[in-house]
Amino acid sequence: MMQDVIGHLTSLGVPRDAVHTEAFVSGRSRETRRERAHAIALAAGKAGVTRFDIRDDDTTFPCSPGQTVLDAANAAGEPFPQSCGEGACGTCRVRIVAGAYETDPRGMFSTDELAAGWRLACQTLPAEDLTVTLRP
């Protein structure tokens, strides 16, 4: 429903940054993300991969397999916008430019934004090197 409303507001000319979204995360969402993170870490370990690189607008920083983009940015001291860290506020939105990842795309974005690669850094788990941008 939120994706449809955001898409409709966008078609009416409402600027995206004027639309506040909020999603409520269940304990099951966190558990599912932990399960995905564990599966990615296991697959990387079997392949001999010990880290992925995340390239953003200004720099490249490491990401351990099973770590979210936001956690990796924080560990590297990268200034990513953030608030809740749980997928409820939408502050940590990034656009994935290249690379494979796992995430929960429900809720925060319109269908067009999802197609353009917008995801939440706190929910995105790289499965290989990623290129992201914080810019539209």
Side-chain angles (χ1 to χ4, degrees):
M1 181 179 83
M2 280 198 295
Q3 291 171 347
D4 290 339
V5 170
I6 292 167
H8 185 66
L9 289 171
T10 301
S11 71
L12 293 173
V14 176
R16 179 60 176 98
D17 60 358
V19 179
H20 174 77
T21 57
E22 206 172 292
F24 299 93
V25 181
S26 73
R28 182 68 186 135
S29 297
R30 282 188 286 272
E31 185 178 327
T32 301
R33 190 166 42 253
R34 279 194 303 268
E35 291 167 356
R36 287 180 182 156
H38 183 69
I40 288 170
L42 283 176
K46 285 181 183 178
V49 175
T50 59
R51 79 178 236 182
F52 302 122
D53 287 326
I54 300 175
R55 180 179 306 119
D56 71 7
D57 298 318
D58 302 312
T59 189
T60 299
F61 56 92
C63 179
S64 298
Q67 188 176 38
T68 67
V69 171
L70 185 60
D71 286 344
N74 287 338
E78 291 300 313
F80 271 42
Q82 57 192 289
S83 182
C84 73
E86 304 234 348
C89 72
T91 304
C92 66
R93 56 188 270 139
V94 296
R95 191 165 57 85
I96 308 295
V97 177
Y101 58 90
E102 299 244 355
T103 194
D104 182 358
R106 295 175 290 170
M108 290 289 165
F109 302 106
S110 71
T111 304
D112 288 343
E113 288 171 320
L114 288 171
W118 287 102
R119 302 294 185 267
L120 295 178
C122 68
Q123 294 183 342
T124 301
L125 298 158
E128 64 183 26
D129 293 349
L130 286 185
T131 302
V132 304
T133 183
L134 302 173
R135 299 177 184 132

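Keep in mind that what you see is a predicted model, and the values were worked out from it rather than measured.
With sequence neighbours excluded, the residues forming a side-chain contact (heavy atoms from CB on, under 4.5 Å) with Ala100 are Ala127, Glu128, listed by chain and number. The side-chain hydrogen bond (donor to acceptor under 3.5 Å, both in side chains) test applied to Asn74 returns Gln82, not counting sequence neighbours. Remark: Glu78 engages no residue in a salt bridge (Lys or Arg N to Asp or Glu O under 4.0 Å) (not counting sequence neighbours). Applying the salt bridge (Lys or Arg N to Asp or Glu O under 4.0 Å) test to Arg95 and every residue at least two apart in sequence or in another chain returns nothing. In this structure, Asp129 has no salt bridge (Lys or Arg N to Asp or Glu O under 4.0 Å) partners at least two apart in sequence or on a different chain. Applying the side-chain hydrogen bond (donor to acceptor under 3.5 Å, both in side chains) test to Thr59 and every residue at least two apart in sequence or in another chain returns nothing.
Cys122 and Cys92 make their closest contact through N-SG, 3.3 Å (heavy atoms, listed as atom of the first residue, atom of the second, distance). The minimum heavy-atom distance between Gln123 and Asp104, with the atom names listed, is OE1-O, 3.0 Å. Taking every heavy atom of both residues into account, Ala41 and Pro65 meet most closely at CB-O, 3.6 Å. Of all heavy-atom pairs between Cys89 and Cys84, the closest is N-SG, 3.5 Å. In plain terms, the two heavy atoms of Trp118 and Thr133 that are nearest each other are CZ3-O, 4.4 Å.
Pairs engaging residues 58-75 under the salt bridge (Lys or Arg N to Asp or Glu O under 4.0 Å) rule: Asp58-Arg135 [sequence neighbours left out]. The salt bridge (Lys or Arg N to Asp or Glu O under 4.0 Å) pairs that include a residue from residues 43-52 are Arg51-Asp53, where partners are two or more places apart or lie in different chains.
When hydrophobic residues (I, L, V, M, F, W, Y) are linked wherever their side-chain heavy atoms come within less than 4.5 Å, the members clustered with Val132 are Ile54, Phe61, Val69, Leu70, Phe80, Val94, Ile96, Tyr101, Leu130, Leu134.
Arg93 places a side-chain heavy atom less than 4.5 Å from the side chain of Phe109.
How far CG of Leu125 is from CD of Glu102: 7.0 Å, rounded to the nearest 0.5 Å.
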